[in-house]
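These notes concern the structure reproduced below.
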Amino acid sequence: MYDHDDNAEHEAVTRLFELTRSGDTGNCEYNQLDSMIYDRLEQAYGSDDTGHRPSGAIQVQTAAS
C-alpha cells in the first residue's frame, strides 16, 4: 500500500498544487496524486463513509440534540 514518508507526501501535495494551478487536471498523474493524497488524509483523519466528494464540495454537519 502507501508508504508513509513525510518528504514524499510534501512533494506529492506540491506537485498536485502545481498541476491544479496550471489547469492540468485531466491527466493520469493528477488523478493518481489526488487519490494518493485523499487516501492518506483518510488514514490520518478517518472516514465518514460518504465517499470521495468533488473538489470544492461542502459537507454540512448538524449539531447533536
Side-chain angles (χ1 to χ4, degrees):
M1 183 153 197
Y2 178 66
D3 183 27
H4 180 83
D5 177 2
D6 289 339
N7 191 43
E9 289 175 358
H10 178 75
E11 289 177 14
V13 170
T14 299
R15 181 63 181 146
L16 185 67
F17 176 78
E18 290 170 354
L19 289 170
T20 302
R21 187 171 170 138
S22 70
D24 195 12
T25 59
N27 63 41
C28 185
E29 180 185 15
Y30 176 88
N31 291 333
Q32 288 176 338
L33 288 169
D34 180 58
S35 179
M36 181 181 71
I37 292 166
Y38 183 84
D39 289 346
R40 180 62 185 105
L41 288 169
E42 192 172 54
Q43 287 175 5
Y45 298 106
S47 172
D48 60 7
D49 294 324
T50 60
H52 190 120
R53 288 182 293 280
S55 179
I58 298 173
Q59 178 182 4
V60 176
Q61 190 172 15
T62 58
S65 299

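Here the straight-line distance linking atom NE2 of His10 with atom CG of Asp5 works out to 12.0 Å at 0.5 Å rounding. Put simply, CD on Glu42 and OG on Ser35 are 10.0 Å apart, with the number rounded to the nearest 0.5 Å. Atom CG of Leu41 and atom CE of Met36 lie 10.5 Å apart (nearest 0.5 Å).
Cluster membership for Phe17 and Ile37, using ILVMFWY side-chain heavy atoms within less than 4.5 angstrom, is not shared.
Among residues at least two apart or in separate chains, salt bridge (charged side-chain N to carboxylate O under 4.0 Å, His left out) pairs with a member in residues 15-25 are Arg15-Glu18, Arg15-Glu29.
Side chain to side chain, Gln43 and Asp39 fail the donor-acceptor criterion of an N or O pair below 3.5 Å.
Contact detail for Ala12 and Leu33: the closest heavy-atom pair is CB-CD2, 3.8 Å. Here the closest heavy-atom approach between residue Thr25 and residue Thr20 is recorded as CG2-CA, 4.0 Å.
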